[in-house]
Amino acid sequence: METPSSSNPLYERIFAMVDSIPRGKVATYGQIAREVGAPRHARSVGRALSNLPPQSPLPWHRVLNAGGAISPRPGGSPRLQLQRLCAEGVRVSRSGRVDLEEYQWNPDW
DNA sequence: CTCGTGACTCTTG
DNA sequence: ACAAGAGCCACGA
């Protein structure tokens, strides 16, 4: 049994969860938020990733929005994200969308 | 404390 | 398919 309020800046949990996404799979912001026990913290997930350094070993590119698409954001990273997904065998449509039915990660497995 | 901001999500039209 | 509005909540000034 963990201590939810003791040592848990939420970000650490989010980072750990993102780091657990297997290669070739993807997850959504809302999904990760729920998995770390914070159902309404989809934005916090985005905030955590925005805090991430460019050299981070974290597979942040496997995180998509609820529609299975890459969220637009300041900077040019969406392009990189698409390339990385493609490189991992994830089939991305021309508009940058992913078939969640096929690629969404289920942590229960 | 109040306010603005945001890599979100859902509902409407 | 797209745009707009509202709800949501942590964080920094």
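Only a predicted model underlies this, so the values are computations on that prediction, with no experimental measurement involved. Below, chain A is the first sequence line, B the second, and so on; all start at residue 1.
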Between the base of dC8(C) and the side chain of R43(A), is there any donor-acceptor pair under 3.5 Å?
yes
So, with a heavy-atom separation below 4.0 Å from DNA chain B, the residues of residues 24-38 of chain A are Y29(A), G30(A)
CD/E35(A) to OG1/T28(A) distance, rounded to the nearest 0.5 angstrom?
9.5 Å
Go through R91(A) and D99(A) one step at a time and tell me if the side chain to side chain contact (heavy atoms under 4.5 Å, CB included) criterion holds.
CA-CA 8 Å; R91(A) 205 160 55 77; D99(A) 183 359; 5.5 Å; no
Below 3.5 Å, can you tabulate the donor-acceptor pairs from side chains in residues 44-57 of chain A to any protein atom, sequence neighbours excluded?
{"from": "S50(A)", "atom 1": "OG", "to": "R47(A)", "atom 2": "O", "distance (Å)": "2.6"}
{"from": "S56(A)", "atom 1": "OG", "to": "L58(A)", "atom 2": "N", "distance (Å)": "3.1"}

Counting only heavy atoms and a strict 4.0 angstrom limit, can you tell me which residues of residues 88-107 of chain A come near DNA chain B?
none
Validation row: R84(A), R62(A) side chains within 4.5 angstrom (heavy atoms):
no
Would you say that more than 12 heavy atoms from the other residues, nucleotides or ligands in this model lie under 6.0 Å from the CZ of R73(A), or not?
yes
Looking at every non-hydrogen atom in both residues, tell me the closest pair between G24(A) and E88(A) and how far apart they are.
N-OE1, 3.5 Å
Do the side chains of M17(A) and L100(A) join up, straight or via other hydrophobic residues, at under 4.5 Å, putting them in one cluster?
no
Might you list the N or O atoms of the protein lying below 3.5 Å from N or O atoms in nucleotides 10-13 of chain C, with each pair's distance?
{"from": "dA10(C)", "atom 1": "OP1", "to": "H41(A)", "atom 2": "NE2", "distance (Å)": "2.8"}

Identify whether I21(A) and L85(A) are in the same connected component of the hydrophobic contact network (ILVMFWY, side-chain heavy atoms under 4.5 Å).
no
Report yes or no: do V63(A) and L82(A) belong to one cluster of Ile/Leu/Val/Met/Phe/Trp/Tyr joined by side chain heavy-atom distances under 4.5 Å?
no
Reading DNA chain B 5' to 3', which nucleotide is the first, and which the last, to come under 4.0 Å of any heavy atom in chain A?
dT5(B) to dC10(B)
Could you see if L64(A) belongs to whatever hydrophobic cluster contains W60(A)? Use Ile, Leu, Val, Met, Phe, Trp, Tyr and a side-chain cutoff under 4.5 Å.
no
For the C1' atoms, the ones on dA13(C) and on dA7(B), what distance do you get once it is rounded to whole angstrom?
22 Å
Taking side-chain contact (heavy atoms from CB on, under 4.5 Å) as the definition, give me every residue that meets it alongside A69(A), ordered by chain and number, with sequence neighbours left out.
N65(A), R97(A)
Need one value for P78(A): base, sugar-phosphate or nothing, where a base atom within 4.0 Å counts as base even if backbone is also close, heavy atoms only.
nothing
Please report the closest heavy-atom contact between S71(A) and P78(A), naming both atoms and the distance.
O-CG, 4.4 Å
Between Y103(A) and W105(A), is there shared hydrophobic-cluster membership here, with clusters defined by ILVMFWY side-chain heavy atoms closer than 4.5 Å?
no
